[in-house]
Amino acid sequence: MKRIAVFASGSGTNMRNMAAYYENNPTVEVSLVVCNKHGAGVIQYAKQFNIPVLLIDRQVLYGSNELVELLKILHIKLIVLAGFMWLIPQNMITAFPNRIINIHPALLPDFGGKGMYGNKVHEAVIAAGKAFSGITIHYVNEKYDDGAIVLQQKVAVEKGDTPDTLAAKIHALEYKHYPEVIDRLLS
Ligand code: GAR
């Protein structure tokens, strides 16, 4: 079994999508959800799919090697960030080289970086008058939204699009492509 850990702290719809995609899959399993926010929507979705949730604080992530050790003990092959807003520390990047990926709801390097998440990204894209937005799946390094790009997919920003309508289009792209990329990286 190839085990993945999903780090998520938001509504968790990408995690839910992956959990459904891999439910009953004989070779890939979402084995753990790591979350830094009490009450985050992702926790309920993890419960629905019987996936254990580890709630962490900054001390666990930045002040010790405990989480890295746990991920190793669980034989995690890939760490998948899906709406996880804290930087990944160097000890984890070193322990999982090219084995940590993130998804960002825009075409990086534009509209990324600290504080750029969720509808803030879509508001900025619309305010800049861009004809296209999209998704970026990339390896994670020690900066926000910065590692080597694995996949980008575009979507048109249409006249009349609001942050919410653009978010819906982008979520649809995320649900289609994130599991496909995970499959590819695990194969
Ligand atoms: C996703 O759209 C993801 O691209 C974004 O957070 C959302 C999480 O949604 N990530 C970032 O903005 C990273 N900078 P979800 O909780 O419904 O999966």
Side-chain angles (χ1 to χ4, degrees), residues 1-23 25-37 40 42-43 45-46 49-106 108-109 112-117 135-153 174-187:
M1 186 63 83
K2 293 169 181 169
R3 300 176 200 283
I4 66 179
V6 180
F7 285 30
S9 297
S11 57
T13 65
N14 274 283
M15 197 296 296
R16 177 187 58 183
N17 180 60
M18 277 172 228
Y21 181 89
Y22 289 116
E23 201 178 24
N25 183 305
T27 56
V28 180
E29 178 186 86
V30 180
S31 302
L32 179 68
V33 168
V34 175
C35 179
N36 64 21
K37 206 161 147 199
V42 69
I43 295 170
Y45 289 138
F49 286 90
N50 290 318
I51 300 169
V53 176
L54 181 68
L55 261 179
I56 57 162
D57 58 15
R58 288 186 174 276
Q59 165 63 25
V60 168
L61 189 61
Y62 300 115
S64 80
N65 208 40
E66 278 171 38
L67 183 52
V68 165
E69 281 162 18
L70 177 69
L71 296 168
K72 291 277 182 195
I73 288 167
L74 293 176
H75 299 288
I76 297 298
K77 287 274 173 299
L78 192 66
I79 297 171
V80 175
L81 311 191
F84 188 75
M85 301 305 165
W86 287 356
L87 278 179
I88 298 300
Q90 188 60 54
N91 64 320
M92 197 173 288
I93 293 168
T94 305
F96 291 89
N98 284 339
R99 290 282 158 193
I100 312 176
I101 56 173
N102 180 42
I103 193 161
H104 185 75
L108 293 175
K114 190 168 167 59
M116 285 301 258
Y117 60 88
I135 62 167
T136 304
I137 298 170
H138 64 94
Y139 290 110
V140 167
N141 65 15
E142 70 291 349
K143 298 184 198 148
Y144 285 105
D145 303 324
D146 189 65
I149 290 172
V150 182
L151 178 102
Q152 287 190 308
Q153 288 286 320
E174 293 186 327
Y175 303 154
K176 178 173 190 312
H177 293 286
Y178 215 7
E180 286 176 5
V181 166
I182 293 166
D183 280 344
R184 177 150 62 84
L185 295 180
L186 287 175
S187 67

Checklist entry - Does Q152 reach the main-chain N or O of L108 with its side chain, forming a donor-acceptor pair under 3.5 Å? => result yes
Checklist entry - Should I88 and L81 count as side-chain neighbours, where that means a heavy-atom distance under 4.5 Å? => result yes
Next on the checklist: Taking the side chain as everything from C-beta on, heavy atoms only, tell me whether F7 gets closer than 4.5 Å to V140.
Outcome noted: no
Checklist entry - Out of K2, R3, K77, which one pairs with E29 under the side chain to side chain donor-acceptor pair (under 3.5 Å) rule? => result R3
Checklist entry - Stepwise, does the side chain to side chain donor-acceptor pair (under 3.5 Å) test hold for N17 with Y45? => result CA-CA 10 Å; N17 180 60; Y45 289 138; over 6 Å; no
Next on the checklist: Measuring only between side-chain heavy atoms, which start at C-beta, is H138 closer than 4.5 Å to D145?
Outcome noted: yes
Item to check | Interatomic distance, N98 atom CG to L185 atom CG [nearest 0.5 angstrom] | outcome: 9.0 Å
Next on the checklist: Rounded to the nearest 0.5 Å, what separates atom CD in E66 from atom CG in N91?
Outcome noted: 11.0 Å
Item to check | E180 side chain reached by L151 side chain, heavy atoms, under 4.5 Å | outcome: no
Checklist entry - Are any side-chain N or O atoms of T136 and backbone N or O atoms of A106, one a donor and one an acceptor, separated by less than 3.5 Å? => result yes
Checklist entry - Rounded to the nearest 0.5 Å, how far does CE of M85 lie from OH of Y144? => result 10.0 Å
Next on the checklist: With a 3.5 Å distance limit and no angle check, can you tell me whether N36 reaches the backbone of I56 through a side-chain donor-acceptor pair?
Outcome noted: no
Checklist entry - What orientation do W86 and Y62 show, parallel under 30°, tilted 30 to 60°, or perpendicular over 60°? => result tilted
Next on the checklist: Whether K72 engages the ring of F96 as a cation-pi pair (distance to the six-membered ring centre under 6.0 angstrom, angle to the ring normal within 45°) should be assessed.
Outcome noted: yes
Next on the checklist: Check this for me: Y117, atom OH, are more than 12 non-hydrogen atoms of other residues, nucleotides or ligands nearer than 6.0 Å?
Outcome noted: no
